[in-house]
Amino acid sequence: MKLEANLISGRTAYQGAYLEAKTHKEYFDACSYCELNSGDLVKLGVSEGDYLLVTTEFGDVSLFAKANDGNPDGLAFIPMGPWANAVLSPDTHGCGMPGFKGVPAQIEQTGEAPLEMKALMRRYYE
Amino acid sequence: MSELLIKNAVVCDPINNINCVKMDISIKDGKIVESVSSGAKVIDAGGKLTMAGGVDGHTHCAGKINVGRFMSPHDMRMTNVPGLSGKEAPTATTRAQVGYNTPNAFAIGYRYAKLGYTTIGEAAIPIIGARHTHEEFEAIPILDKFGLTLFGSNWQVMEYIRDDEPEKLAAYVAWGLKASRGYGIKIVNPGGGEAWGWGKNVSGLDDPVPNFDVTPAQIITALAETNEKLNLPHSIHLHCNNLGKPGNYETTIASMKLLENLKTSRDRQAMHVTHVQFNAYAGTSWRDFESGAPQVANYVNSADHLTFDLGQVIFGPAMTMTADGPVEYANSRMLHAKWSNMDVELEDASGVVPITYSPKMFVNAVQWAIGLELALLVDDPWKVMFTTDSPNGGSFVNYPEAYTYLMSAKRRTEVIEGLPEMALGRMNLPGIDRELDLYELAIMTRAMQSKIYSMDTKGHLGVGADADIAIYDLKPDSIDTTVEYAAVKKAFSSTAYTIKGGEVVVKDGEIAMTPEGRTYWVNAKVPQANTDAMQVDLAQKFKRYYTVNQANYMVEDAYLPHPVEITTEAL
Amino acid sequence: MAVITDAICSLCGSLCDDITVTVEDNVITDVERACILGRNKFVGMFLHDRIESPMIRKNGELVDVSYEEAIDEAAKILVNSKRTLSYGWCSTSCEAISKAIQLAEETGSLIDSTANVCHGPSALAVQEKGGPSATLGVVKNRADVMIFWGCNPAHAHPRHMRRYSSFSKGFFTQKGRKDRKMIVIDVRKTDTAKIADQYVEIDQGSDYLLVTALRSAINGHEDVIPDTVAGVSKEDILKLANTLKEAKFTCVFYGMGVTQSRSKYKNGDGVSSLISDLNQHSKAVMIGMRGHYNVTGYGQVSTWETGYPMAVDFTRGAPYYNPGETGANDVLTRGDVDAAIISAADAGAHFPQDSLKYLAKIPVIQIDPYANPTTELSDVVFPAAVVGVEAEGTAYRMDGISLRMKKLIDTKFKTDEEIVVDLINKVRELKRGA
């Protein structure tokens with residue numbers, strides 16, 4: 001089962017709290033997840049902590065599943081950071097700003113665990 | 001020990017009663033001296049016009065101007081005045097330059113220096129924003145700077161006036177000058193900034209400020225008395241209520257009359273009224289709008305307690321910026337222009353709106369005439385400071401163009417011929433034939449400033465003065481300034497030499513070197529007991545209402561790398 | 001033991017200046033009043049992954065080198081580059097920013113700040129319509145209505161609501177929260193929305209539609225508003241418009257939901273127009289919720305030094321500005337630069353993948369106190385002092401008020417400013433040699 005979602009990114013307190021500790025596990029924990037509401041998680045057959053594969057036109061990334069019932073149906077949230085940026089839009093639409101919110105995404109369960117930061121960054125040398 | 005001798009200078013120095021006399025000027029260690037040794041470096045001025053460096057006593061050069069820059073990238077590319085506007089790549093001597101009305105900080109320094117100006121005064125510093133002003137001052141090369149601190153809608157000021165606490169008021173103003181490293185008391189639309197906190201304005205001198213139970217008239221009078229109590233080098237510097245409104249000349253004259261009997265602590269004016277062009281409007285609406293300059297000039301001619309500056313309009317694009325928040329909002333709605341606003345907690349308001357003065361627009365044409373009428377109808381040039389309220393009436397780089405309006409009736413007639421018929425009936429300029437000479441121009445652009453700001457080392461070339469000197473490529477004995485206005489404009493647009501503190505900073509219209517300028521500020525001493533009593537009240541303001549702690553509020557020494565501290569003793 | 005009061009927190013754009021810091025043996029052992037973000041910056045800094053030595057990438061790995069070798073290598077990169085991207089400079093002092101601009105000018109580089117991925121569109125909106133704003137204390141003392149639009153201060157600016165907005169008490173707002181109506185407009189029910197008096201949930205990417213409908217209502221053109229706009233009923237829109245018209249003082253705080261969503265700078269343009277319209281009825285202002293503690297200062301310094309707030313290209317000598325062409329991500333995704341210097345910001349973490357793929361291909365110089373994703377893409381790395389903790393300097397709060405950050409503890413590391421000055425001198429030396 002794949003969920004067609006609208007992906008946004010943004011700040012969280014924990015992302016901010018470990019902003020200057022990006023090589024640490026706390027930062028990894030704070031940023032390497034994707035939030036959907038519980039109904040959407042049920043549709044995908046996953047529980048919190050399971051792995052999700054988020055795929056967009058621009059790439060894919062594995063993330064932990066997390067529930068947030070503040071999200072409306074079909075809205076996916078990933079904290080700003082390297083994991084979100086693996087799949088957000090680089091198009092600056094003629095005004096300089098990339099597409100950090102409102103990116104169409106497909107979300108499904110995966111067996112692949114999220115990559116830690118350095119491994120994720122190494123992908124850019126490939 | 002550096003020595004410089006300027007030979008064959010035709011000196012125009014009104015403070016010392018010298019009217020275009022050929023002489024030598026000796027300079028040692030940045031000051032003008034009686035004589036120098038034979039080893040002094042020599043500059044041959046070759047009979048060229050030589051004046052003290054110009055002093056722009058009211059310009060927007062640091063602080064709010066950055067809001068103007070921020071919102072107008074188009075201004076950076078404007079090349080309206082060739083050589084003094086637009087983009088220039090960096091050189092071995094100069095940083096990159098951009099802009100016209102709102103040039104970058106480097107360009108402000110270079111371009112004023114090219115016009116022969118060596119000292120500029122920022123017209124409005126909010127105390128809480130003063131650190132920013134001084135950062136920009138530091139970025140402006142060459143020039144000496146000073147700034148006027150806003151007190152006219154300040155809560156602590158209004159409360160002390162309401163509660164009749166003149167000693168505490170004086171202690172607060174002294175503290176505010178120190179906190180902002182300001183040079184004098186600026187009052188903008190007294191009380192109007194506070195009213196604008198609720199989207200309102202005050203309508204005149206006797207309209208009480210909402211929630212504070214004081215009137216603009218009381219604010220002006222009390223701050224003027226405080227100014228004298230503190231023995232400050234400048235008088236209060238007043239931007240009157242009702243700016244920009246038809247019929248406002250009455251408010252302006254009434255504001256001037258408030259201080260007719262004020263006893264000044266120093267040999268200078270009791271008040272300086274600023275950019276009076278914007279406050280000398282007659283009529284009752286924009287339909288029957290006409291010049292109120294004759295009425296204002298008549299009053300000024302009859303009075304001896306005040307000076308004023310023009311706020312001359314220059315046709316073309318300008319950028320209005322003022323602490324008069326409600327005026328800027330009204331401008332933006334009337335002009336359908338973009339509007340920036342900055343209300344300042346407990347202190348004042350402000351706004352920035354771009355404008356274009358068109359000679360084809362009847363109102364703009366009359367505004368242009370009003371500034372000139374004020375300069376020409378007031379008999380005594382020592383009462384008149386030349387300004388465009390840069391960049392409100394137009395960019396300072398247009399000063400040379402504006403000089404030609406003052407000096408040549410022929411030039412004025414040329415411009416007037418292009419104005420709409422309707423405008424001609426609403427102005428008096430066509431009937432005025434007065435033409436200023438170089439001596440009068442020197443008074444309005446540097447000498448009177450020396451007096452009104454009590455800066456005895458600025459604005460003249462006597463022994464002891466700072467060696468801030470402009471040598472213009474113009475020979476007074478062989479030019480008719482009433483006719484050869486193109487040559488006048490060219491000469492004043494780019495000096496042969498500008499000397500700042502004894503160093504040649506401009507040569508043949510090019511920047512030669514870029515020393516750092518100094519910043520003047522006034523440390524007004526008041527009895528410690530008054531300060532202590534005032535601090536009790538002020539501490540409550542910080543505890544309850546400010547969002548910056550008092551410990552982080554005052555401008556630190558680090559922001560004035562080259563300070564000149566003027567100390568005064570309270571009377 | 002030293003206790004330093006009135007310290008300024010150099011983390012987010014709130015720039016709280018009431019922090020008390022305890023220092024023992026040159027280590028910060030306690031902070032009072034800071035939020036979790038600030039606390040972690042101050043107290044946690046000794047637990048972070050400090051870059052200890054200058055490094056150069058050799059055979060794919062970063063290896064320790066002397067400071068002189070790193071300066072030499074970095075200056076060579078800058079001198080040999082046709083067009084360098086200089087990026088970041090927002091978690092540092094205005095004094096360092098000024099030097100960075102000078103370095104960019106002297107090397108013909110393009111220099112941009114984190115506004116490129118944050119409030120850059122807000123700057124464009126101001127350039128379209130102006131920025132009707134106020135200092136935060138004006139809001140504290142006067143605002144009876146506040147809208148948080150596409151921002152989440154409960155997470156991003158944790159002390160904002162207590163110090164400046166919802167929960168603060170002021171002269172005309174003595175009862176604090178009770179005197180204020182708090183409205184949140186967002187696409188999901190955030191922790192900020194949960195404590196609001198009114199939460200208006202809109203369809204993601206439809207901010208411009210809502211702001212236009214609100215303007216229509218405020219300007220007396222109800223008839224043109226459809227039954228539903230942006231997922232909000234016409235009835236609710238009219239009610240909201242009425243709340244704003246009847247307010248004494250409204251402040252719209254806006255964040256990334258406004259700047260990063262569809263319509264980008266037009267959203268801010270719409271909000272600015274809304275504020276102008278509202279002032280026909282009551283008082284209203286807008287304030288952008290700035291992220292990096294000194295991104296506002298970057299905009300200020302860049303504006304007075306170059307004429308433009310961001311995305312300034314010195315390739316042709318004089319400054320050239322055209323976001324969309326000269327923004328950091330514009331040039332990276334187009335492959336239009338051949339080297340980069342990144343400081344006091346983390347492009348590696350906060351740029352999309354295409355930009356990072358390109359950064360991996362070109363020489364990258366990093367100046368930063370801490371190892372981060374940018375380090376993984378860097379070829380020359382300089383460790384730096386933590387400005388606002390180990391070095392003093394100027395920073396601008398989100399409302400444009402500047403404050404002087406204190407030096408709280410000593411450090412062996414050079415400041416950003418000192419490193420950039422060393423680079424300027426080395427670049428001049430190499431150019432003279434050539």
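Proteins get letters first, then strands, A, B, ... in listed order; numbering begins at 1 in each.
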Between [X] and chain B, with a heavy-atom cut-off of 4.5 Å, which part of the residue counts as in contact: side chain, backbone, both or neither?
X      : value
C:I101 : both
C:V285 : side chain
C:Y321 : both
C:K140 : side chain
C:D144 : neither

Where [X] and [Y] come nearest, the two heavy atoms and their spacing:
X      : Y      : answer
C:G131 : B:S340 : N-OG, 2.8 Å
C:A318 : B:P90  : N-CD, 4.3 Å
C:C94  : B:E135 : CB-OE2, 3.7 Å
B:A96  : C:F314 : CB-CE2, 4.2 Å
C:W304 : B:N104 : O-CB, 3.2 Å
C:S276 : B:W339 : CA-CZ3, 3.9 Å

Check step by step if salt bridge (charged side-chain N to carboxylate O under 4.0 Å, His left out) holds for C:K283 and B:D343. CA-CA 11 Å; C:K283 186 63 190 277; B:D343 292 355; 2.3 Å; yes
Residue by residue, scan [range] and write down, ordered by number, those that have a heavy-atom distance under 4.5 Å to chain C; if none do, write 'none'.
range                       : answer
residues 544-553 of chain B : B:R544, B:Y545, B:Y546, B:T547, B:V548, B:N549, B:A551, B:N552
residues 193-200 of chain B : B:E194, B:W196, B:G197, B:W198, B:G199
residues 320-335 of chain B : B:Y329, B:R333
residues 64-82 of chain B   : B:N66, B:R69, B:F70, B:M71, B:P73, B:M76, B:R77

Of all of [options], which one pairs up most often with chain B through heavy atoms under 4.5 Å apart?
options                        : result
C:T394, C:I401, C:L15, C:T306  : C:T394
C:R316, C:E128, C:Q102, C:E95  : C:Q102
C:N279, C:V139, C:V301, C:L124 : C:N279
C:P132, C:S273, C:P319, C:A284 : C:P132
C:S302, C:G317, C:S133, C:S402 : C:S133
C:F249, C:Y396, C:Y320         : C:Y396

Heavy-atom distance under 4.5 Å to chain C: side chain of [X], backbone, both or neither?
X      : result
B:I108 : neither
B:E347 : neither
B:A62  : neither

Who wins among B:E556, B:E345, B:Q97, B:M342 for the most heavy-atom pairs under 4.5 Å with chain C? B:E345
Looking only at heavy atoms and a cut-off of under 4.5 Å, which of B:E88, B:H132, B:K87 has the most pairs with chain C? B:H132
May I ask you to check whether over 12 heavy atoms, not counting those of [X], lie within 6.0 Å of atom [atom1]?
X      : atom1 : value
C:K169 : NZ    : no
B:D163 : CG    : yes
C:K99  : NZ    : no
C:K245 : NZ    : yes

Gap separating the OG1 atom of C:T135 from the CG atom of B:D348, nearest 0.5 angstrom: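 One finds 11.5 Å between OG1 of C:T135 and CG of B:D348.
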Please walk me through it: do C:E105 and B:R95 pass salt bridge (charged side-chain N to carboxylate O under 4.0 Å, His left out)? CA-CA 8 Å; C:E105 185 182 291; B:R95 299 288 302 271; 2.9 Å; yes
Angle class for the C:F172/B:F212 ring planes (parallel below 30°, perpendicular above 60°, tilted otherwise)? perpendicular
